[in-house]
Amino acid sequence: MSKENIDVNKPILDKNDQIAAENRKMFEENNVLVLDLMSSPGSGKTSLISATINALKDEYNFGVIEGDIASDVDTQAIKKLGVEAVQIN
């Protein structure tokens with residue numbers, strides 16, 4: 001039987017952390033505000049996004065990435081507001 005040493009001090013999600021840091025740097029360099037909204041189904045995320053877009057669409061550009069695994073209904077609702085939206089699931 002062979003032994004293998006595993007460095008438990010190295011974060012399990014090290015690669016994910018590295019990619020996230022690169023993304024944050026790119027967003028900052030391009031003056032992009034990124035928000036991550038997560039909550040249970042039916043909690044009002046799309047309503048909040050829609051209201052924010054309607055209130056600020058003349059002042060800011062918006063893009064939405066939807067991660068709904070059940071349908072693309074929310075993505076289509078955002079697109080109807082004239083905002084680019086993509087479904088990733």
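What you are looking at is a predicted structure, and each value in this text was computed from that prediction instead of being measured. Sequential numbering from 1 along the given sequence is applied to the chain's residues.
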Exercise. Are Val64 and Glu84 side-chain neighbours, meaning at least one heavy-atom pair lies under 4.5 Å?
Worked result: no
Exercise. So which heavy atom on Gln87 is nearest to which on Asp72, and how close?
Worked result: OE1-CA, 3.7 Å
Problem set entry | Lys45 side chain to Ser40 backbone, donor-acceptor under 3.5 Å | yes
Exercise. Going by heavy atoms in the side chains, are Asp68 and Val73 under 4.5 Å from each other?
Worked result: no
For this session: Considering non-hydrogen atoms only, spot the tightest contact between Phe62 and Thr52 and give its length.
Result: CZ-O, 4.0 Å
Problem set entry | Co-membership, hydrophobic cluster, residues Val83 and Tyr60, 4.5 Å side-chain | yes
Exercise. Is there a side-chain contact between Val86 and Thr75, using heavy atoms and a 4.5 Å cut-off?
Worked result: no
For this session: Look up atom CD1 in Ile53 and atom CG in Leu48, then write down how far apart they are to the nearest 0.5 Å.
Result: 9.5 Å
Exercise. Are there more than 12 heavy atoms of other residues, nucleotides or ligands under 6.0 Å from atom CD1 of Ile65?
Worked result: no
Problem set entry | Met26 and Asn30, any side-chain heavy atoms less than 4.5 Å apart | yes
Exercise. What are the two closest non-hydrogen atoms of Arg24 and Asp17, and how far apart are they?
Worked result: NH2-O, 4.4 Å
Problem set entry | Verify same cluster id: Leu37, Ile78 (apolar side-chain graph, 4.5 Å) | yes
Exercise. If you take all heavy atoms of Ile88 and Gly67, which pair is closest and at what distance?
Worked result: CG1-CA, 3.9 Å
For this session: Taking atom CD of Gln76 as the centre, report whether more than 12 heavy atoms of other residues, nucleotides or ligands fall under 6.0 Å from it.
Result: yes
Exercise. Quick check: are there more than 12 heavy atoms from other residues, nucleotides or ligands sitting under 6.0 Å from CG of Asn61?
Worked result: no
